[in-house]
Amino acid sequence: MFDVAGFQFPAYRKEWIQTSSPCFWKGVFIFLNLLFLFIFSAQALHKIIHNLLIRKSKNIENGEERFLASNFIPGCQRTSISYQASKWCCSLLLSCQILEILLFLTKGSGGQCDFSFLVLSKMLKMLSCILVLIGIASFQKATIIKIPWTIRFWCICIFLQIAISLGFQLHLICSHKVNIGVTEIIDMIGLLASIYIVAISIRGQTGISFTSSSEAEPLLNNSVEKKESSKRNCPYGRASLCQLVTFSWLNPLFSVGIKRPLEQHDVPDVHVKDSAEFLSHSFDKCVETVKEKNELRNSAIYRAMFLFIRKKAAINASFAIISASASYVGPSLINNFVDFLNGKEDHRLRSGYILALTFLSAKVVETVTQRQWIFGARQLGLRLRAALISHIYQKGIHLSNKARQSHTSGEIINYMSVDIQRITDIMWYANMLWMLPIQVTLAINVLRKNLGLAAVAGLAATLMVLTCNIPLTQTQKRFQSKIMEAKDERMKATTEVLRNMKILKLQAWDTQHLQKLENLRKIESDWLWKSQRLQAFAAFLFWAAPMFISAVTFGTCILMGIPLTAGRVLSAMATFRMLQDPIFNLPDLLSALAQAKVSADRVACYLQEDEIKLDSVQLICQNEAEFDVEINQGIFSWDLESEAPTLSDVQLKVRKGMKVAICGTVGSGKSSLISSILGEIPKLRGEVRISGSKAYVPQSPWILTGNIRENILFGNLYDHNKYEKTIQACALAKDFELFANGDLTEIGERGINMSGGQKQRIQIARAVYQDADIYLLDDPFSAVDAHTGNQLFKECLMGILKEKTILYVTHQVEFLPAADIILVMQNGRIVQSGRFDELLHQKIGFEVLVGAHNQALESIFHAENSSRSSQTEESWVTRKPINDECDMENPKDKQLQCIEKQESSQDLPQDEVERGRLTQDEERERGSISKDVYWSYLTAVRRGALVPIIIITQSLFQILQVASNYWMVWASPTTTDEPGKIGLGLLFSVYVALSVGSALGVLVRAMLLGIAGLLTSQKLFEGMLHCLLRAPMSFFDSTPTGRILNRASTDQSVLDLEIAGKLGWCAFSIIQILGTIAVMSQVAWPVFVLFIPVTAICFWYQQYYIPTARELARLSGIQRAPILHHFAESLTGAATIRAFGQEYRFINANLNLIDNHSRPWFHNVSAMEWLSFRLNMLSNFVFAFSLILLVSLPKGFINPSIAGLAVTYGLNLNSQLATIIWNICNAENKMISVERILQYSRIPSEAPLFIEENWPPRNWPETGTIRFQNLQVRYAEHLPSVLKDITCTIPGRKKVGVVGRTGSGKSTLIQALFRIVEPRDGSIIIDGVDICKIGLHDLRSRLSIIPQDPTLFEGTVRGNLDPLNEYTDKQIWEVLDKCQLGELIRSNEKKMDATVVENGENWSVGQRQLFCLGRALLKRSSILVLDEATASVDSATDGIIQQTISQEFDDCTVVTIAHRVHTVIDSDLILVLSDGRILEYDTPAKLLERGDSSFSKLIKEYSIRSTAFTS
């Protein structure tokens, strides 16, 4: 039997049962080593058996394939430095174990454990090291990229084994006063090696990778090459462990940034795992995983987010927990340090230095782990933001029509900017959730150790403070919801105003909408103020919390008779100060949680919205389909809740190559029929089948920002021959010749610098260039003149597309006879179908449309006939002589050549690219933030009077806080045997009084800071808003909406919620550190001397850091706007993108834009950690120097209590010094938002709204005579003139028609009349008043216009017709009847309160034009301008409208721009424009008398084209 007694087990068991014994831990690690050896051996055995079985079962061929697969390509494998270092560290560990065994066998055991037990422990450790070294060496041969979990398990075990063993040895050395031996030195070396191995195991990568070469993998696709390139250009991805810890991988970027301002191309790429493409794909997988288990509800979106972030979040949590734990080492040792200074320790220096080393080690561990978890949280925020933005964009591209109407553009932009920012911010705050219980637990443990049962009172007080957060959080959450709702409303209105700025200026409604935006901002400000008041109270509560907890704890000690020595008080104070951070951050945490919850709910709700049903249209192979387009018994409805469907009983079959025309009255369902083929309108019943690719031309032109060629190519490769044929067929060649830079001329946002006809032809060219099988054209000829429309129909539809299947909506009857089938729509049904002649004979509705057209033709024929016999009438024209080189007898081509020759002789900018550029790069400041920006912000409210008061209250708080701590330490005895200096009652009363005073100082400071911040934010917002709405139209032409919205949303949010706090904390942190320096210098004055060079080093770091960080922050702000702008454009053209099947390309473009923003943002937050790490480490060594100084001073030289107080304050020195620089840098980065808003507060304003000395007469204009004198107009100084030497007179109360080909300057003439574009030269005089000398509001409010692009605002029908509430319901109903809308509005349940959604998308384009006519009829000005006012209505409705205008504006001056010639044939005068010049100006009769006149030719073309089917 085994002799247990002989083995000395009973003696050993006493040590074994104590967990503080080294024998216990050696037993634990023997077990773990045995477990590792067993698992490792089992895995190796399993692999050997598996390989043997494979060799026997597989044939030779498979074996060769496996060989080729495993030995992919020689030379493709790459081993990094980390892999080589891993092998060396394992070898070093093995060497250390061998040396330990040799020393152990030589010298024997001096420990408490049995000799055999120790030998077994060391042998198992050495054996495991050998096996792991063999395993790591085999990684390269086995091509293992990720470290197996067994190896990771061993790495952690070996680290813990060495660390615990070394800890026991150091404790033995300290307690027995012996010197450090060779064994301890060997263990220290082994510990360093094990730390590196643990770090590698956490990272999980072996350091072995594969690289592709052109020889080895010649068929790599572009995306892979891009990823490899991105990987090569990412310093973060190539960084070693040391570089990752110290952030020194950023050094090359800093070296560039200190020399010159950084540009976007200087910023390295993000790592592939941080790229938007990778993150979007990963999030997709998470969403799909959740979908398989649950329906996609809000909670499911949260689960998907959790799955997406969990791995990285777990690593961050580990760092955060270690950091929190390390931060409490200092407070737990304060009492020991005071005891040491009191002389209780015999060996002062050795124990003191070990204490100082322990303090330093804990602070270093805290710094490293803190910086890593903060950086990891920011990186995690970047990843979540990229994933969510990409999904919000994808959702927007696929959003159904109903869902689209429930989320306006402004709201969705808020999701992308504000809400996503708040969700990503919570990644930083999330770590505090699990840090808080750990910190509270550690704090209570320290208190229990020093104060005994009084710690329970401290715990109760802490829990009481934490409990107070519940109502605060609920209230803050409610406030945040209200703030976001108010912000949504403001952003929605802002987006609408910016999109429709031109119509607001034309109608003189800009002042009213300015007031509307101010009212919405007032609502938002009210909720912001309520939130700020709550935060101020929370700041008071939580700054007072440590004092409250300490007062409760010390009071309990006094009541329970627990002696309060200086050491115990200091330890408790240090603990309370450590608790101060989590408690102080708790309001921010709860506020962030509330904000993030609200934002996450909003985003989750949006991501659950319905999408376009992909299965609503069946795609059939062309060789299997009899028809290209087929609809069987189709029933469709835009509103699924409506009883009456939009389209019903649709039966349609279109064979390949057929031309199908769709016509009908306004609102009959023509566009909806096109949408049913596209799959845009929800299908209730029936089948829709299409065979082949499709192209779509929407009724409202959708033009992307960029040059013309990019818009036409639309993602396809450039084919010169195909491209030339396309632009010739679409009548664009002449336009390109006149543009400054041809087809490379840049188009402004929404095609703002193009005429309506040019935009229409560009998108027709886009469709033609696609070379699709099926073309769906929604009223493509409405915005072009008759000549151009005829050319488009012949050369495009019946020419280059003659073999294609085409369905086209048109109101122009002349394009119907050529169709193979004509569909007549009425009330959502196809009431007639057939060829032109067949429909005429049916006489059930089609003849009404044709009859209206025939009446128009008759008016033209009558004018032609009467012109031949009419007498010459007196001309009203004041004609400017045409250049002699231009012969009026020559054809039009020659005239064009002459005009081009004249234009080319003008002095224009020479640089071709800049000459054709309208949208300029976003304004970006260079260098440091100007002091004027800071001064403007600080003095915006009451000239900065509140600033010194805030600083005084914060100083008072700091003084009282230091005084309360100083009082407690000074009054407390050093030891329990020493009597107190004063009574306990007085001690406690004074402490409470000082604490309450300091807390009240915080309350006053927080309230004043909140007031000052909000008032300043409001003033800057109003300044920007007023400047924006008073800016000239040229500013909006050249500035993408995304840039403005970025400032109104993201930058304004920074001003509302962040800037005041950031600037305040710059001052507060300086005040804090001055208090710390004062306390520390009192007992260790050399520390003050040391602070001088340390401060100099800190500011040198700051000066080195700021240039790079500042430019990165600016680039990040600039790169944010293109994301919003691209998204807004994509939302507008989502139907077109889907129709062309371009979703993937646009989604990729969005991913690239996200990466462009992520690059500077990621490197900016990394740079912040680079600086913080260095400042923290510097502070740690200053603190260590202070400790060593205190240890080295002779006994009795200093008061131990005050020295302990200095150490207590010194524990926070690293964070305070880093906080100062961090706050200064962060504030400067945030001040960029102020800088950007101030940029838009200095926009040059257009002319004044009112000029007091030039008030026009009350009844002006009375007759409406308009005189143009030498008028010249250009859109920008760097662009050529659009109107050139226009001189003519429009008599009062006459009807003048303005005609000319698309792009001739017709719409520009109208803009000059309203002073949307100021004349470069010349003048416009109305009834003797020079319009350039009166106020803009006086001018625009006296004129009426029906614009080319019909605009409706979100609201009601009544609000759109009468936004100023000037007219009665009776007047409005009369106008609605005259506009042919009365019956439609009466059929609606809400009557005049019928809903109008954003941009009027729930009304057809024709109906929108009728609403615009209604506005003009209500206004009844003396001058009315019609700019293509009836382009989108059918001929019958057009005839009624023309008659209404003739009757209602009989005594007014009416200027009509029209492409339908018959609408101006009855005019008193005709003005013919060509390329910005007057070609002809006379009565229609006079012009028709001359057969060579341009107007006469236009009439003849129209007549010839139409007579083919009038008989």
Side-chain angles (χ1 to χ4, degrees), residues 408-411 413-414 417-418 483-505 507-529 749 922-923 933 936-937 940-941 1013-1060 1117 1121 1124-1125 1128 1232-1250 1336-1337 1340 1353-1354 1363:
T408 64
S409 299
E411 288 177 351
I413 285 171
N414 256 354
S417 54
V418 179
I483 289 171
M484 291 311 300
E485 287 174 11
K487 189 182 289 291
D488 278 347
E489 289 298 318
R490 176 175 65 83
M491 286 305 299
K492 183 166 61 177
T494 304
T495 305
E496 192 170 52
V497 165
L498 293 176
R499 185 174 56 244
N500 302 308
M501 184 60 72
K502 188 173 180 180
I503 191 66
L504 292 181
K505 291 182 180 293
Q507 299 284 5
W509 291 343
D510 42 356
T511 304
Q512 178 218 359
H513 279 265
L514 171 64
Q515 187 177 0
K516 177 183 175 182
L517 288 175
E518 287 178 336
N519 292 337
L520 290 172
R521 173 63 184 177
K522 177 68 168 56
I523 296 170
E524 184 185 1
S525 295
D526 290 343
W527 287 112
L528 280 167
W529 171 230
E749 186 176 17
E922 183 168 0
E923 182 181 357
V933 175
S936 298
Y937 183 83
V941 176
L1014 273 182
L1015 290 177
T1016 304
S1017 172
Q1018 182 66 16
K1019 186 170 183 179
L1020 293 180
F1021 173 80
E1022 289 176 355
M1024 178 179 69
L1025 184 64
H1026 281 257
C1027 275
L1028 281 173
L1029 268 75
R1030 295 288 300 117
M1033 200 62 213
S1034 58
F1035 170 79
F1036 300 98
D1037 293 347
S1038 58
T1039 305
T1041 305
R1043 291 184 190 173
I1044 304 173
L1045 292 177
N1046 197 13
R1047 285 165 169 82
S1049 178
T1050 307
D1051 290 321
Q1052 187 60 42
S1053 185
V1054 170
L1055 260 71
D1056 289 338
L1057 302 171
E1058 296 186 51
I1059 282 287
L1124 303 180
H1125 175 64
I1232 291 172
S1233 292
V1234 179
E1235 179 184 72
R1236 285 160 58 81
I1237 284 179
L1238 288 175
Q1239 285 173 355
Y1240 277 19
S1241 301
R1242 299 190 296 262
I1243 304 168
S1245 176
E1246 58 181 355
L1249 293 175
F1250 305 97
L1336 288 180
H1337 189 270
R1340 294 167 181 169
F1353 296 90
E1354 185 175 6

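All residue numbers refer to positions in the sequence shown, counting from 1. Since the model is a prediction, treat every value here as computed from it, not as a measurement. Excluded from the calculations below are hydrogen atoms, water molecules and symmetry mates; all remaining heavy atoms, backbone and side chain alike, are included.
Between His513 and Phe1353, the two ring planes are tilted [angle within 30° to 60°].
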Can you check side chain to side chain contact (heavy atoms under 4.5 Å, CB included) on Met501 and Leu1029, steps first, answer last? CA-CA 8 Å; Met501 184 60 72; Leu1029 268 75; 4.2 Å; yes
Val497 vs Leu1028, test: side chain to side chain contact (heavy atoms under 4.5 Å, CB included). Steps then yes/no. CA-CA 10 Å; Val497 165; Leu1028 281 173; over 6 Å; no
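Using modelled atom types, no side-chain atom of Ser1017 and backbone atom of Gly1013 make a donor-acceptor pair closer than 3.5 Å. For Lys1019 (side chain) and Tyr937 (main-chain N/O), no donor-acceptor pair under 3.5 Å exists by modelled atom type. The closest donor-acceptor contact from the side chain of Arg1030 to the backbone of Ala1247 lies under 3.5 Å. The backbone N or O of Ser525 lies less than 3.5 Å from no partner atom in the side chain of Gln1018, so there is not a single donor-acceptor pair. With hydrogens and angles ignored, the 3.5 Å screen pairs no side-chain donor or acceptor of Ser1053 with any backbone N or O of Ser1049. Of the possible donor and acceptor atoms, one in the side chain of Arg490 sits under 3.5 Å from a partner among the backbone N and O of Ala1048. Side-chain N or O atoms of Thr1016 include none that pairs as donor or acceptor with a backbone N or O of Ala940 at under 3.5 Å. Proximity of a side-chain donor or acceptor of Arg1047 to a complementary backbone N or O of Arg1236 within less than 3.5 Å is detected.
Atom CG of Leu1020 is separated from atom CG of Leu1025 by 12.5 Å, given to the nearest 0.5 angstrom. Residue His1026 holds its NE2 atom at 10.0 Å from OG1 of Thr511, rounded to the nearest 0.5 Å. The NZ atom of Lys492 sits 10.0 Å away from the OG1 atom of Thr495 when rounded to the nearest 0.5 Å. To the nearest 0.5 Å, the span separating CG on Asp1051 from CD1 on Ile1059 amounts to 9.5 Å. To the nearest 0.5 Å, atoms OG1 (Thr494) and NZ (Lys516) are separated by 9.5 Å. Put simply, CD on Gln507 and CG on Asn500 are 11.5 Å apart, with the number rounded to the nearest 0.5 Å.
Side-chain contact between Ile523 and Glu489: absent, with no pair of heavy atoms (C-beta onward) separated by less than 4.5 Å. Looking at Leu528 and Leu1057, their side chains come closer than 4.5 Å, going by heavy atoms from C-beta outward. Within the 4.5 Å cutoff, no side-chain heavy atoms of Phe1021 are placed close to those of Glu524. With a 4.5 Å cut-off on side-chain heavy atoms, Trp529 and Asp526 do not count as touching.
Residues Pro1032 and Ser1245 share a closest heavy-atom pair of CD-C, 4.2 Å. Between Phe1036 and Ala1031 the shortest heavy-atom distance is CE1-O, 3.7 Å. Taking every heavy atom of both residues into account, Ser1241 and Gly1023 meet most closely at OG-C, 3.8 Å. Counting all heavy atoms, side chain and backbone alike, Leu520 lies closest to Ala493 at CD1-CB, 3.5 Å.
We find that Glu518 and Arg521 are not joined by a salt bridge, their nearest charged nitrogen and carboxylate oxygen being 4.0 Å or further apart.
In the model, Asp1056 has a side-chain atom that pairs as donor or acceptor with a side-chain atom of Gln1052 under 3.5 Å. Side chains of Glu1235 and Gln1239: no donor on one and acceptor on the other come within 3.5 Å.
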